[in-house]
Amino acid sequence: MVVGGGAAGLNGALVLARSRRSVLVVDSGAPRNAPAEAVHGFIVLDGTAPSEILARGREQVRHYGGRVVFGELASAEPAEPVAGDPRFALTLADGRGVSARRVLVATGLRDVLPEVPGLAGHWGRGVVHCPYCHGWEVRDEPIGILATGPGSLHHALLFRQLTDDLVYFSHGTRVDRDTRARLAARGIRVIDTAVTGIVADAGAPTGVRLADGTVVARRVIAVATRTLARTEGLDGLKLPMEDLPDGTGRRFASALAGSTGVPGVWVAGNATEPTAQVGAAAAGALAGAHINADLAAADTDAALAAAPAGEAPA
């Protein structure tokens, strides 16, 4: 069972299906990058619409016998093992039940934006978060960094590579003397007046409104979001989680190839590595290979236990 139909989940499912495993992918149909016009920074597929990549991925998984269904996971919990081999009972929101030997969690994450009026409506277009995903497309535009914490300084320096016209809105965050000096050295203006809203025209941002009524003209707003792994329906698995530095979010904790410490459960993609973006496909493939290897060992143990007592190998 693969929970999540994004790049990581589909690539994990592809590897398993090609190994002739019975695979079911449950896809909520709400990918993180849905608002974006295209995926960037991913070799060969650069410039391809996210919906096209996912549609092709589903088609390829099905080509090898995997199943992909749209739906929400309602619950998942360990079931009684069979001869020591893990089993899981999963239920979808529509009442369908699934029994699985292994589970790959690839639910992705959700971005939590600052509560600034008008900001969320432009998410993925005029409001962006990643210089590698969107940077080239917004090069040379007047860009505003809406600070959310200490990491926003790094954010600003990355976007400064893309434009000479950059303003840093501290928005209540602390900007010490050293930070101000570093920003000033790169020609980045700091504005400490609180941000109260985003001004737009014809469906695109045109400026940032401040508490004193001033509007600072900006065509693009860059903001480092708080990222939270999607956990709906997974509480019963009791997967370990951990906070990200500086209050920037929360993710599933994982080790080698996405192992979780819960026997039979792996996690891959942005749910455990928020910075992986669509490159999380590679993590899904690695997790899928490790799941297949784990199943192969379990199959061999079961075959050995079922062999007639005293039977000698040829």
Side-chain angles (χ1 to χ4, degrees), residues 31-43 45-51 53 111-173 175 179-227 248 274-275 277-279:
R32 177 193 185 194
N33 60 0
E37 292 181 351
V39 165
H40 293 289
F42 192 69
I43 192 169
L45 296 176
D46 185 87
T48 307
S51 59
I53 292 175
D111 293 281
V112 180
L113 289 163
E115 293 185 0
V116 173
L119 192 71
H122 301 287
W123 176 239
R125 297 177 186 273
V127 175
V128 301
H129 73 294
C130 175
Y132 303 108
C133 303
H134 309 285
W136 177 263
E137 285 64 41
V138 301
R139 66 193 185 282
D140 297 326
E141 292 282 7
I143 299 176
I145 300 292
L146 181 61
T148 57
S152 292
L153 169 61
H154 176 64
H155 215 212
L157 298 181
L158 295 179
F159 275 95
R160 176 61 181 83
Q161 177 67 20
L162 301 161
T163 183
D164 294 332
D165 187 355
L166 191 65
V167 174
Y168 189 91
F169 298 94
S170 63
H171 195 52
T173 63
V175 186
T179 298
R180 290 178 188 274
R182 293 178 67 81
L183 293 172
R186 296 302 307 275
I188 302 171
R189 180 162 60 110
V190 178
I191 292 179
D192 294 313
T193 308
V195 172
T196 59
I198 304 302
V199 179
D201 182 49
T206 57
V208 174
R209 179 178 287 111
L210 306 179
D212 62 8
T214 303
V215 174
V216 181
R218 297 289 92 184
R219 297 289 297 174
V220 177
I221 313 299
V223 55
T225 62
R226 187 164 184 261
T227 56
T248 55
T275 62
Q277 310 297 340
V278 76

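For reference, positions follow the sequence shown, starting with 1.
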Just by distance, do the side chain of [X] and the backbone of [Y] share a donor-acceptor pair under 3.5 Å?
{"X": "Arg139", "Y": "Trp136", "value": "yes"}
{"X": "Thr179", "Y": "Val175", "value": "no"}
{"X": "Arg160", "Y": "Ile188", "value": "no"}
{"X": "Thr148", "Y": "Thr225", "value": "no"}

Heavy-atom closest pair, residues [X] and [Y]:
{"X": "Gly207", "Y": "Val215", "result": "CA-CG1, 4.1 Å"}
{"X": "Thr227", "Y": "Pro274", "result": "OG1-CB, 3.8 Å"}
{"X": "Arg218", "Y": "Gly144", "result": "CD-N, 3.5 Å"}
{"X": "Ser152", "Y": "Ile145", "result": "O-CG2, 4.2 Å"}
{"X": "Pro114", "Y": "Leu146", "result": "CG-CD2, 4.2 Å"}
{"X": "Ser170", "Y": "Ala147", "result": "O-CB, 3.6 Å"}

Do [X] and [Y] have side chains that approach each other closer than 4.5 Å (heavy atoms only, starting at C-beta)?
{"X": "Asp192", "Y": "Arg180", "value": "yes"}
{"X": "Val216", "Y": "Arg189", "value": "yes"}
{"X": "Thr163", "Y": "Val138", "value": "no"}
{"X": "Tyr132", "Y": "Leu158", "value": "yes"}
{"X": "Asp46", "Y": "Val39", "value": "no"}
{"X": "Arg125", "Y": "Pro205", "value": "no"}

After noting the C-alpha distance and the side-chain angles of Phe169 and Leu210, does the key distance pass the side-chain contact (heavy atoms from CB on, under 4.5 Å) rule? CA-CA 10 Å; Phe169 298 94; Leu210 306 179; 4.0 Å; yes
[X] [atom1] to [Y] [atom2] distance, which is reported to the nearest 0.5 Å:
{"X": "Leu45", "Y": "Ile53", "atom1": "CG", "atom2": "CD1", "result": "4.5 Å"}
{"X": "Thr206", "Y": "Asp201", "atom1": "OG1", "atom2": "CG", "result": "6.0 Å"}
{"X": "Asp111", "Y": "Arg226", "atom1": "CG", "atom2": "CZ", "result": "11.5 Å"}
{"X": "Phe159", "Y": "Arg186", "atom1": "CZ", "atom2": "CZ", "result": "14.0 Å"}
{"X": "Thr48", "Y": "Phe42", "atom1": "OG1", "atom2": "CZ", "result": "9.5 Å"}
{"X": "Leu162", "Y": "Asp140", "atom1": "CG", "atom2": "CG", "result": "8.5 Å"}

Carboxylate-amine/guanidinium proximity below 4.0 Å for Asp165 and Arg219: no
Over 12 foreign heavy atoms within 6.0 Å of CZ, Arg182: no
Classify the ring geometry between His134 and His129 as parallel (under 30°), tilted (30 to 60°) or perpendicular (over 60°). perpendicular
